[in-house]
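All ligand and atom numbering here is 1-based and tracks the order in the structure. Atom set for the values below is all heavy atoms of this structure, side chains included, hydrogens, waters and symmetry mates excluded.
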Amino acid sequence: MSPHVVVVGGGHNGLVAANYLARFGMRVTLLEARPTLGGMAGRLEYLPGYLGAITNSPGSLEGRIIQELELARHGLRFVSPDVTLLQRMGEGLFVGWRDRDRVAAQLETFATGEAKRHRLLVERLDALGAASGLSLWEPPPSLQEALDRMPTAVRDEFRLVVLDGSLNDLLAESLRTDAAKSLMMMLALNGQLVSPDAPGSAMGLLMRPISRASSTEDVLGIGDAPLRGSVGLPVGSMSAIVDALARAAGEHGVQIRTNAPVVRLELAEHGQVTAVVLESGEQITGVDMVVSAVEPSRLATMLPSGALTEAATPEPPEGSAFKIALALDSLPGVAGAPEDVPLETLLSAQFRVAPDPAYITAAVEDGIAGRPSAKPIMWGLIPSLTSEGLAPKGKHLMSINVWHAPYRLGREYWREHGATFFGACLAQLEESFPGLQTRIEDARWFSPHDLEDEFGLTGSNITHGDMLPSQLLDGRPGTDFTRAARSMGIVVGGAGSWPGGYVTGAPGRNAATLVNKMVRSLRLR
Ligand SMILES: Cc1cc2nc3c(=O)[nH]c(=O)nc-3n(C[C@H](O)[C@H](O)[C@H](O)COP(=O)(O)OP(=O)(O)OC[C@H]3O[C@@H](n4cnc5c(N)ncnc54)[C@H](O)[C@@H]3O)c2cc1C
């Protein structure tokens, strides 16, 4: 009989893992704690009639997963607005057109030669990603092994750019203007509690080059587009990705169970996992292997005491995410909007509130120091402009991700001061979108603790652990833990494992391919 694999956690990575496992011929049961699938990417009714997902951007989703799992056949479609990004810059506005020449023209208005410098920086990162020999899809080496494998010149460059050097060093060396630096800072530091002055803080810029170098085919046709969001937006919001994954899994016989929080994994005397116990007390027996697609410290709590040494036990990550959804009776204006571009065209893009490096740095430093940022960084989208049915007719949903609302301040703090922080966010948004506040009919916000309580997002860390070099490769979630779990027949496959967070699907695919290898090698013995 084919092996029975239980996937714990029905976020997008759990669903990706379940799909591949089923295609490898295994019997798969997927257990999700919440009533709905998809974790941070799953469908959410923010307010009556206003639908979306916590996440906005599919810019990290790996094309090969869409292709291999035939997600288009399962209903996943993308819409590609002409404008991909709006970012207020000091007094002006950066409009990220899909057309690369228009982007270059704007960079050039910041300072003569800035478009070329920006292109050279992107090319430098791409070359490093390709030469690093790192792959999203291969079992990750240790950082030292990765360095040892690199030719000397590549190793020196890798050290300079992403180990010893900081993001600010790289940007100071490469670019002249605050505007161009702000664009890159937002890509590098997305949701991380990492100072741009810290060694390793440019690592976020290398993940996409590594992704490009790892994939043989450009199945999404986005070429070497340097900006996130270039892939387009999923029709129906990010939850459309989850819906397609769930349909694909169903077609391949995955048994999907929601409202099924896992509390314990039972091990046999020889230490192998044999059963999964739900909060209801129900036991799922006859389990051959488990893929854990939950944040790693959660998995640790499911294991019998003594199963992990102290050194192997992962610490819960700490983060600073805050979420806002606004129900709007009409569209706001856009500060600094070019006169010849219709408002709807501009507002179809993702937007960022991060007007200059000083603003970004202050917000990050606040987050690191455990202070709620007075002027928070935000990423947002009005998904109802590009997908029908996400808001009542004529109305709109604005979905905003806010960083640097420290979880560390505690549940009580956020209960008491969450509304004030929400107000500070609105004040900043108003500067980018004049008239916004008068158009708000209703609103909902989630503090870092709400995100943990309602979505299982440990410590409100959006990537299940920061994306620093020391926490990537086999350091994610840690070799001792990975080895110990594997010896029990448990493979880690969520954002807390290589290649890390965001909606990529890569950790889920990697976990499934590893399980397949392990099962095959056992059969051969
Ligand atoms: C506000 C916010 C905005 C973001 N925006 C973006 C974005 O626009 N683009 C992007 O790429 N990334 C974004 N991210 C990051 C992204 O959401 C995560 O990195 C990604 O969703 C991780 O996927 P995952 O499947 O590994 O984990 P998750 O999405 O966290 O899913 C884990 C699942 O496990 C379930 N679970 C937990 N415990 C148990 C248990 N005991 N038993 C059973 N199930 C359990 C949870 O309910 C959840 O469904 C955002 C994150 C936040 C917080």
Side-chain angles (χ1 to χ4, degrees), residues 6-18 29-42 44 52-62 190-192 207 228-229 231 233-234 237-238 241-242 245 257-265 276-279 290-302 317 319-325 350 352 378-381 383 399-403 405 407 445-448 450-467 492-497 499-508 511:
V6 170
V7 177
V8 180
H12 84 283
N13 273 316
L15 279 161
V16 167
T29 306
L30 179 142
L31 302 170
E32 165 54 41
R34 301 186 65 240
T36 47
L37 290 169
M40 313 307 297
L44 174 64
I54 292 283
T55 50
N56 286 333
S57 167
S60 303
L61 184 62
E62 285 298 324
N190 187 10
Q192 308 291 298
M207 293 313 289
R228 272 172 183 269
V231 63
L233 298 166
S237 88
M238 291 291 278
I241 298 170
V242 170
L245 284 168
R257 293 184 55 182
T258 51
N259 292 310
V262 173
V263 288
R264 213 168 58 247
L265 303 181
V276 174
V277 183
L278 304 184
E279 196 178 72
V290 163
V291 166
S292 167
V294 299
E295 182 278 310
S297 74
R298 286 178 181 256
L299 167 62
T301 66
M302 295 172 195
S320 63
F322 190 99
K323 179 77 198 182
I324 294 174
Q350 295 192 57
R352 301 182 194 150
M378 285 176 264
W379 293 64
L381 178 71
S399 163
I400 306 140
N401 304 332
V402 189
W403 312 142
Y407 173 87
W445 51 265
F446 298 84
S447 77
D450 297 333
L451 289 171
E452 180 177 71
D453 296 345
E454 295 192 28
F455 300 93
L457 188 69
T458 313
S460 200
N461 184 303
I462 75 164
T463 41
H464 298 191
D466 284 335
M467 300 277 287
V492 187
S497 59
Y502 308 113
V503 180
T504 69

Quick one: does Ile54 get an N or O within less than 3.5 Å of an N or O on ligand 1?
no
Per atom 32 (C) of ligand 1, closest listed option by heavy atom (Ala293, Gly500, Gly9):
Ala293
Out of curiosity, is His464 lining ligand 1, as in a heavy atom under 4.0 Å away?
yes
Winner among Ile462, Val16, Thr463, Leu61 once heavy atoms are compared against atom 51 (C) of ligand 1
Ile462
Which one holds for Phe446 and ligand 1: side chain close, backbone close, both close, or neither close, with close meaning a heavy atom under 4.0 Å?
neither
Where ligand 1 meets Leu457 - atom numbers and elements under 4.0 angstrom, heavy-atom basis:
53 (C)
Look at ligand 1 and say whether Gly456 reaches it with a heavy atom at a distance under 4.0 Å.
no
Using a strict cut-off of 4.0 Å, indicate which atoms of ligand 1 neighbour a heavy atom of Arg34.
47 (O)
Side chains of Leu245 and Leu37 in contact at under 4.5 Å (non-hydrogen atoms)
no
Using atom types as modelled and distance alone, determine if a side-chain donor or acceptor of Thr504 lies under 3.5 Å from a backbone N or O of Ser60.
no
Consider every N or O of Ala33 and every N or O of ligand 1, then say whether any pair is closer than 3.5 Å.
yes
Looking at Gly494, which atoms of ligand 1 are within less than 4.0 Å of one of its heavy atoms?
26 (O)
Answer with yes or no whether Pro261 contacts ligand 1, where contact means a heavy atom under 4.0 Å from a ligand atom.
yes
May I ask you to check whether Thr55 has an N/O atom sitting below 3.5 Å from an N/O atom of ligand 1?
no
With under 30° as parallel and over 60° as perpendicular, where do the rings of Phe446 and Phe455 fit, or are they tilted in between?
perpendicular
Does ligand 1 have any atom sitting under 4.0 Å from a heavy atom of Glu279?
no
Taking 4.0 Å as the limit for heavy-atom contacts, which would you say applies to Arg298 with ligand 1: side chain only, backbone only, both, or neither?
side chain
Check Val6, Leu278, Leu30 against Arg257 for a side-chain contact (heavy atoms from CB on, under 4.5 Å) and give me the one that passes.
Leu278
Are the side chain of Asn56 and the backbone N or O of Ser399 linked by a donor-acceptor pair below 3.5 Å?
yes
Sub-3.5 Å donor-acceptor pair from the side chain of His464 to the main-chain atoms of Gly500, do we have one?
no
Treating Glu452 as the side-chain partner and Gly459 as the backbone partner, does any N or O pair qualify as donor plus acceptor under 3.5 Å?
yes
State the atoms of ligand 1, each with its element, that fall below the 4.0 Å cut-off from a heavy-atom position in Leu31.
43 (C), 44 (N)
Taking distance alone, with N or O pairs closer than 3.5 Å, would you say Asn56 contacts ligand 1?
yes
Do ligand 1 and Leu451 have nitrogen or oxygen atoms that lie under 3.5 Å from each other?
no
Can you find an N or O of Val503 that's nearer than 3.5 Å to an N or O of ligand 1?
yes
Please confirm whether Trp403 comes within less than 3.5 Å of ligand 1 when only nitrogen or oxygen atoms on both sides are compared.
no
